[in-house]
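Input: a single structure, listed below in structure tokens.
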Amino acid sequence: MFISKFYKVFYSVWLFLPFFMVNGQHRPPIHNFNVHDYEAGIQNWGITYGGNNIYVANNEGLLEFDGIQWRFYELPNRTIVRSVAYFDKKIYTGSYEEFGYWEKTSTGQLKYYSLSEKIEAKNIETESIWGIYQYKDAIIFKSFSSLFIYRNGKIEVIKPGTTIMGANVANGHFYVFGREKGIYELVDFHLILLKETEALKNYKVQTVNAISSNEVLIGTSLNGCFIWNGKLLKPWNHPFNAISKQNQLNKITISKDFIFMGTIKNGVYVFNKKSQRYYNLNVQNGLQNNTVLGSIFNDRGMLWLSLDNGVSAIPIHFNAYYLNPSKEDIGGVYDMVVYNGDTYIATNTGVYVSGDNGISFIDGSQGHIWDLTLVDNVIVCGHNLGTYQIKDKKWESISPQNGGYVFKEIKGRPDTYIQGNYSGLTLYTKKDNSWEAINIEGIDFPVKRLVFEKDHIAWAAHTYKGVFRIHFSEDYKKITKIEKRYTKDFANSYMIKLFKIEGQIAFYNEKEWLVYNPLEEKIVPFESLNTILGKDKDAYPITDQDIEPIVFKKSDGTLFVREDLNSQDSQFYLPLRYYNNRLLKNDEKAIVVNDSLIQIALYNDILAINPQKITAGSTPFKPKINRILKNGRPQPLDTVFSLKQRDTIIVETSVPFLSNNTIVYSLSDDVETDYRKVPNGKIMLTNLSFGETKLNINSMVKAKISNLGVSIPIQTKKPWYMGIWGIILLMVILAALTFFVVTINKYMLIRHKKYLEDQFEHEKELNRKEEALRHEKKLNELQKKQHDLELKGKTKELANTALEMTKKNEILMKLKDELLYFKSEIIDKVRYNKLLKNVDRNINNANDWEIFESNFNEIHDSFFKNLLKKHPDVLTSKDLKLCAYLKMNLSSKEIAPLMSISVRGVEIHRYRLRKKLELSSEQNINEYLMNV
């Protein structure tokens, strides 16, 4: 039995390595693509690699993947593509009654050229092409019954007369298996049966691969693998052979260091020749389907699988892996601690331990775990129902205080810790192997984050209501003061993240960094950190403080690592597909295990990253231009693009999948020299400046722009109105405008002249009216003066009349007194009495009053009317007389003779009149009547 020296050694090693299959070994991350990604059929029959692109034979056509974007192409007859291969910049495909090749056009699209048209229809009728191979200067298309050999522009058909299955080119020879015959070799383009292989005639040979320079590994579906050295055929006498028998081998791909065995039942087995170990990738540990229909291992160390459902990419030389490859349903991960080589995982369902033997659950830990803290040889757990410790993987209660978010040691006080929890703060003291816990007085709100500013002063972040600066007593058992005024300085009090960065209390809120200024005692923008982070200032750390490297999360969900906070050159992004949509929003967590291991919490898993391998393997790649679309129409890739300013140009570019390269671009006429990122591989430009603009596309690795770039010249044409026709149109418009302006001016001059004339007439009319008003006003003033003079005259005349009446009455009264004095001496009594009566009649002569009243009314025409209106039904005629005399400003002495009463009587009458007029003692009756 033939066994190569290598396999003898290998087999002997196997006998002493029962752990050859490594159950707990770290497995590479699997990146799955399904119908939602590539938007075509479910089944993928074959896969190949070329020109940095992946091509897949899909149930509905041909798929192309450039590392960022999938594209789909249909065959003219819309049949299933069963096979695909890439040779000499052409993509060859085979399908039902059809085979040919695809070539890139000038626009980057694929165009199909049929080769089956070159043969008679009867030779291809009912045939499906299941394999495509390059042998010397020929391309061989294989169906189940025929070989179609394309060379020198012609096609030769070979029919071996049996069902042909597995085939390949190995060590410069083309081999194909004939059912019930054995292995054929193509010699001078004729099939020669290899007699030594007739032992395989009743098997189903699936694949033939070169395993060394003079040996071929032949794989059967259910009967294992065989070694063929050109002379002898022997079973591959190796324990790994049994696996191929059990799981229905379908596809083998061999590289320098690995053998990849794709099966129908259990995914793919990755066999490492050097370490003599293997591991299995299947549905249980991340593969989306167990049936491998095709595989390819490219020069970047990426294993691509075409599956019965989807496509998968697996980086074999991986720098990242998952701690839950078997996909146990552990829930969302909130914290991790590494102790004694195991990772303890805090989730919303309990605590799990990940080690060499897989993942196990800590009994009794059911519930939500917020925090894990390693203290000496135990792990303290902040549980939803209390506070516990894990010692020797055993679950023990240490306090009923529940909801522990954070557990911090007090600086300068060994074995003393403060826990932030649902109800506030709790002080823990460790004595020997036991814990003492007391609730800190003076605080009653939940504390999710706690950062010490200095001894006895810390900042506490409320779960929902902002941040507080708290002061502890000397023994930390009481809160002596809580400063609540700082929350108002934040845009959103709910989303405040609290850190201590380079000794300063820092806050991240609404994509902004702020810092506490202890000198001014206020919150201010953290300018220095914003400068350090640059364009990534919308990111915040998810690793613990004062530990490097630091993992940051940006507002768009991407993660990057800085090996040194102050060095942008040490920054590199983590491939998004490792963690996309799996981070716990607002509860992101990463821990630095050592210089070569970072663990990142995900939902249902933990991503382990080796930053040294990622940065070491970050080779810069020149971005590839795949498509250029102008207003949605493909354009040639190798020309200067001519655009209108309103046109939109989309440039589709890519770098190899998982290359850790970020595509960036800049424009030659940019005001800023900074490059802009292209996260989805598409650059959209519109409204470019007139003239030539150069689009520079580069790759960026670790924040450094590589010198591997591509430039696209873009010529933005001036609009037609800025050319000769625009000048002519402008001249015509100017002429028309000139004519229009002249005509309008002429019309406006006429209108203006008429307006001025109308205005002049209007001004004349206004002047005339103003002059008339002035004359009328002057006349009124003269009339008023005349009226005032007449009024004064009449008033004087009335006053004189009243005085004359007074004098007359005084004379008559004196005469009466004289007559009365001589009464006894009068002889003729009759004439004497008659004389007295005449005197009395003239003293109280009604005509005198009537004359006075008439003259008084002429001067004060409404006095009595208004007076009676103000005081109805209270004033007698005698009252009115007194009012009139008082209106004339006559004194009581002057009024007395007019009313034929004494001065005393006048005063009494005045008093009664005041009462009737309801005047106060302060009011002057004369002034009152003067105003009526």
Checklist entry - Is there a side chain to side chain contact (heavy atoms under 4.5 Å, CB included) between F468 and V447 once you walk through the steps? => result CA-CA 10 Å; F468 305 94; V447 176; over 6 Å; no
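Residue pairs meeting the ring-ring contact (aromatic ring centres under 6.0 Å, His included) criterion with at least one partner in residues 581-611, sequence neighbours excluded, are absent.
By the 6.0 Å contact criterion, NZ on K704 is open, its count of non-hydrogen atoms from other residues, nucleotides or ligands being 12 or less. Summarising the local packing, NZ of K537 is surrounded by 12 or fewer heavy atoms from other residues, nucleotides or ligands at distances under 6.0 Å. Heavy atoms from other residues, nucleotides or ligands lying under 6.0 Å from NZ of K465 number 12 at most.
Side-chain contact of W395 with Q389: a donor-acceptor pair under 3.5 Å is absent, judged by distance alone. For the residue pair N32 / S312, a side-chain donor-acceptor distance below 3.5 Å is found, with atom types taken as modelled. Under the 3.5 Å distance criterion, with hydrogens and angles disregarded, no donor-acceptor pair is assigned to the side chains of E521 and Y516. Under 3.5 Å, the side chains of T263 and N247 contain no donor-acceptor pair of N or O atoms. Side chains of T343 and Q599: a donor on one and an acceptor on the other come within 3.5 Å. Counted by atom type alone, S434 and D432 present zero donor-acceptor pairs between their side chains at under 3.5 Å. Using a 3.5 Å distance cut-off with no hydrogens or angles, the side chains of N282 and N280 do pair a donor with an acceptor. For the residue pair Y428 and Q419, a side-chain donor N or O sits within less than 3.5 Å of a side-chain acceptor on the partner.
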Under 3.5 Å, side-chain donor or acceptor atoms of residues 522-531 against the rest of the protein: list the pairs with distances, not counting sequence neighbours.
from : atom 1 : to   : atom 2 : distance (Å)
K522 : NZ     : E520 : OE1    : 3.2
N530 : ND2    : F526 : O      : 3.3
T531 : OG1    : E527 : O      : 3.0

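Taking the ring centroids of F560 and F572, they lie at or beyond the 6.0 Å cut-off. F258 has its ring centre less than 6.0 Å from the ring centre of H317. Ring to ring, F452 and W459 are not that close: their centroids are 6.0 angstrom or more apart. Aromatic ring centroids of W435 and Y388 lie 6.0 Å or more apart. The six-membered or imidazole ring of Y405 lies near that of Y422, with a centre-to-centre distance under 6.0 Å.
The aromatic rings of Y344 and Y339 sit tilted, their planes meeting at an angle between 30° and 60°.
Two residues are said to be in side-chain contact when any heavy atoms from C-beta on lie closer than 4.5 Å; C381 and W370 fail this criterion. Between V561 and Y573, every side-chain heavy-atom pair lies at or beyond the 4.5 Å cut-off. For the pair Y322/I30, no side-chain contact is recorded, criterion being any heavy-atom separation below 4.5 Å from C-beta on.
Using a cutoff of 4.0 Å between basic side-chain nitrogens and carboxylate oxygens, K431 and E436 are scored as salt-bridged. A salt bridge links D376 and K430; the closest N-O separation between the charged side-chain nitrogens and carboxylate oxygens is under 4.0 Å. Residues D257 and K274 are paired through a salt bridge, judged by an N-O separation under 4.0 Å between the basic side chain and the carboxylate.
Not a single salt bridge (charged side-chain N to carboxylate O under 4.0 Å, His left out) links K454 to another residue, sequence neighbours left out.
Atom CD1 of I359 is separated from atom OG of S354 by 4.5 Å, given to the nearest 0.5 angstrom.
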